[in-house]
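Okay, so here's the structure we're looking at.
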Amino acid sequence: MTVELNPAELPQFPMARASGCPFDPPPILRDKQEQGPLAKVRLWNDTTAWLVTRYAEQRALLADPRVSADVTRPGYPAPVGVVPGGSPISFILMDDPEHARLRRMVTAPFAVRRIEAMRPAVQKIVDDLIEEMLAGPNPVDLVEAFALPVPSLVICELLGVPYTDHEFFQDNSKTVIKRGAPPEERGAALGKLHAYLDDLMGRKLEHGGDDLLSGLAERVKAGELSRAESAQMGVLLLIAGHETTANMIALGTLALLEHPGQLDLLRHADDPKQVARAVEELLRYLHITHNGRRRVALEDIEIAGEVIRAGDGLIIAGDIGNRDPEAFPDPYRLDIEREARHHVAFGFGVHQCLGQSLARMELQVVYSTLYRRIPTLRAAADLDQIPFKHDGSVYGVYELPVTW
């Protein structure tokens, strides 16, 4: 059966979290999950796709080689306003072997051992920003003063991007991921970022350095990668490297402030493993990716009593998958002592998030430091006064006024 979605309410699916709790997926997703793991839904452009709501089926399909991430294939369920071919295509929207060829070129800097070596530097960034925040005005917007600068500084250091340009790339990144922005504005912002990374790549080709973009420049010199491909990879890593983690820092802090018992447990956690568990639970509980992971079937696939036909689109809604009671008992409860690392916040299969080790490490440093250094931290506005990013493909808050 096809479920028709009201375009006025659902400009794209999955939609904003319009439930009473801003940390929960929309009630319609919970309803669909209770009815079964798959449902046919009608999209903004009058096409249909399979909505996948349960954890087991999501992991099975994300790992199935008969499922494609190629945005150019007929039947791919593009989000509203996104037209394939309008801009250079990222390797995350490709299939193997091309996906694997490009991904391998940036895998080494994100290896766990390399990321762990960055922990002291990230700790210093966090400590310095907290010192600045404590010395500045009170109350303050945690997003502007802390949540956004932390990952921006880290990804700039890793990539070799001047942090002095942070306002430029942050502003354009916001436009790219804003669902309500007109396609021409999003395209223009993406074009500006691509031109910026292309110019930066030109400088790396001349001078080089000890950073990820310089490594890509060496690949360009060796003929393994085109300059356009290197710039596109830089755009992807720059946007993903600061936007997602910034939103997790701010939204995770707000969720903890709304669950003071959990915040108290985390504040007094002496075991790094407990902090790591808290990070995984917050990733599961909040799951900030709003568009769902989109795929298209290459062959007929029988699953959960249904037949997904070749050419059918798939929307794998990880936010509701992470609330599946079969995978996570009492899933609507935030429990930082839960073992939740098997969540799908970073996806699953060959397209699993490249930067997950970096994100985990940054969040561990932040969550183990901020609430100890400022034990009286509290929200300076009521929950209903805080502006949530219901219009973004990455969920979070635009502002988080805090005081202490």
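Side chains of Val161 and Ile155 form no contact here, defined as non-hydrogen atoms less than 4.5 Å apart. Side-chain contact check for Leu256 versus Leu282: some heavy-atom pair is nearer than 4.5 Å. In this structure, Leu197 and Leu213 have side chains that are in contact, with non-hydrogen atoms separated by less than 4.5 Å. Counting heavy atoms from C-beta on, the side chains of Ile320 and His287 never come closer than 4.5 Å. For the pair Ile303 and Val52, the minimum side-chain heavy-atom distance is 4.5 Å or more. Side chains of Pro79 and Arg294 form a contact here, defined as non-hydrogen atoms less than 4.5 Å apart. Within the 4.5 Å cutoff, the side chain of Asp128 has heavy atoms near those of the Lys124 side chain. Contact check for Leu236 versus Leu354: no side-chain heavy atoms found under the 4.5 Å cut-off.
The existence of a salt bridge linking Glu116 and Arg119 is confirmed by a sub-4.0 Å separation between a basic side-chain nitrogen and an acidic carboxylate oxygen. Between Arg295 and Asp95 there is no salt bridge, since no side-chain nitrogen of the basic residue lies less than 4.0 Å from a carboxylate oxygen of the acidic one. Of the charged side-chain nitrogens involved, at least one lies within less than 4.0 Å of a carboxylate oxygen, so that Arg373 and Glu131 count as a salt-bridged pair.
Expressed to the nearest 0.5 Å, how far CZ of Arg66 lies from CD1 of Ile301 amounts to 4.5 Å. Annotation: the span from Asp335 atom CG to His259 atom NE2 amounts to 10.5 Å, rounded to 0.5 Å. With rounding to the nearest 0.5 Å, the separation of CG in Leu216 from CZ in Arg227 is 13.0 Å. One distance of note links OG of Ser393 with CG of Asn291; it measures 5.0 Å at 0.5 Å rounding. Taken from CD in Glu399 to NZ in Lys389, the straight-line distance is 10.5 Å, to the nearest 0.5 Å. Atom CG of Asn247 and atom CD1 of Ile288 lie 5.0 Å apart (nearest 0.5 Å).
The backbone N or O of Ala276 lies less than 3.5 Å from no partner atom in the side chain of Arg341, so there is not a single donor-acceptor pair. Remark: the backbone N or O of Ile336 is paired with a side-chain donor or acceptor of Gln274 at under 3.5 angstrom. Of the possible polar contacts, one joining the Ser226 side chain to the Glu229 backbone as a donor-acceptor pair under 3.5 Å is found. Distance alone, capped at 3.5 Å, is enough to place a donor-acceptor pair between the Asn322 side chain and the Val344 backbone. Remark: side-chain polar atoms of Thr53 are paired, donor with acceptor, to backbone N or O of Gly36 under 3.5 angstrom. Judged purely by atom type and a 3.5 angstrom limit, Glu185 has no side-chain atom pairing as donor or acceptor with the backbone of Pro182. Judged by distance alone, with hydrogens and angles left aside, the side-chain atoms of Asp141 form a donor-acceptor pair with the main-chain N or O of Leu400 at under 3.5 Å.
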Could you walk me through whether Glu281 and Arg284 pass the salt bridge (charged side-chain N to carboxylate O under 4.0 Å, His left out) test, one step at a time?
-> CA-CA 5 Å; Glu281 171 66 353; Arg284 177 201 73 85; 2.8 Å; yes
Side chain to side chain contact (heavy atoms under 4.5 Å, CB included) assessment of Leu363 paired with Leu283 | CA-CA 10 Å; Leu363 293 172; Leu283 287 165; 4.0 Å; yes
Which is it for Arg360 and Glu280 under the salt bridge (charged side-chain N to carboxylate O under 4.0 Å, His left out) test, yes or no, and what are the steps along the way?
-> CA-CA 8 Å; Arg360 284 185 163 109; Glu280 300 303 329; 2.5 Å; yes
Show your reasoning for whether side chain to side chain contact (heavy atoms under 4.5 Å, CB included) applies to Val143 and Tyr398.
-> CA-CA 7 Å; Val143 173; Tyr398 283 106; over 6 Å; no
Step by step, would you call Glu243 with Lys174 a side chain to side chain contact (heavy atoms under 4.5 Å, CB included)?
-> CA-CA 8 Å; Glu243 274 288 350; Lys174 288 176 185 175; 3.6 Å; yes
Dump the intermediate steps for side chain to side chain contact (heavy atoms under 4.5 Å, CB included) on Leu193 and Val176, then the final yes or no.
-> CA-CA 10 Å; Leu193 287 170; Val176 170; 4.1 Å; yes
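Nearest heavy atom pair, residue Val140 against residue Ala145, reads CG2-CB, 3.7 Å. Between Gly321 and Tyr55, the shortest heavy-atom distance links the atoms O-CB, 3.6 Å. The nearest pair of heavy atoms linking Met201 to Ser230 is CG-OG, 3.3 Å. When all heavy atoms are compared, the tightest approach of Pro151 to Gly241 is CB-O, 3.7 Å. When every heavy atom of Pro149 is checked against every heavy atom of Leu129, the shortest pair comes out as CB-CD1, 3.8 Å. The two residues Leu43 and Pro77 make their nearest non-hydrogen contact at CD1-CB, 3.8 Å.
When only modelled atom types and interatomic distance are considered, Arg30 and Gln33 share no side-chain donor-acceptor pair under 3.5 Å. Asp31 and Gln35 share no donor-acceptor pair across their side chains, judged by distance under 3.5 Å alone. A donor-acceptor contact closer than 3.5 angstrom links the side chains of Asp264 and His268. Between Gln58 and Arg293, the side chains place no donor N or O within less than 3.5 Å of an acceptor N or O (distance only, hydrogens not considered).
Below 30°, between 30° and 60°, or above 60°: for His242 and Phe169 the angle between ring planes is above 60°, a perpendicular geometry. The aromatic rings of Phe388 and Phe23 sit perpendicular to each other, their planes meeting at more than 60°, with 30° as the lower class boundary. Taking the six-membered ring where the residue is Trp, His390 and Tyr395 present tilted rings, their angle falling between 30° and 60°.
Counting non-hydrogen atoms of neighbouring residues, nucleotides and ligands closer than 6.0 angstrom, the CD atom of Glu144 reaches no more than 12 such neighbours. Heavy-atom contacts from other residues, nucleotides or ligands closer than 6.0 Å to CD of Glu34 number more than 12. A 6.0 Å sphere centred on CG of Asp330 holds more than 12 heavy atoms belonging to other residues, nucleotides or ligands. Other residues, nucleotides and ligands contribute only 12 or fewer heavy atoms inside 6.0 Å of the CD atom of Glu157. In the displayed structure, Gln385 atom CD is contacted under 6.0 Å by more than 12 heavy atoms of other residues, nucleotides or ligands. The number of heavy atoms from other shown groups lying within 6.0 Å of CD (Glu98) is above 12.
The side-chain tip of Arg323 points at the ring of Tyr285 from less than 6.0 angstrom away and within 45° of straight on. Cation-pi geometry between Arg103 and Phe91 is not met at under 6.0 angstrom from the ring centre and within 45 degrees of the axis.
Aromatic ring centres of His351 and His99: separated by under 6.0 Å. For an aromatic pair to be called close, the ring centres must be under 6.0 Å apart, and Tyr196 with Phe168 satisfies this.
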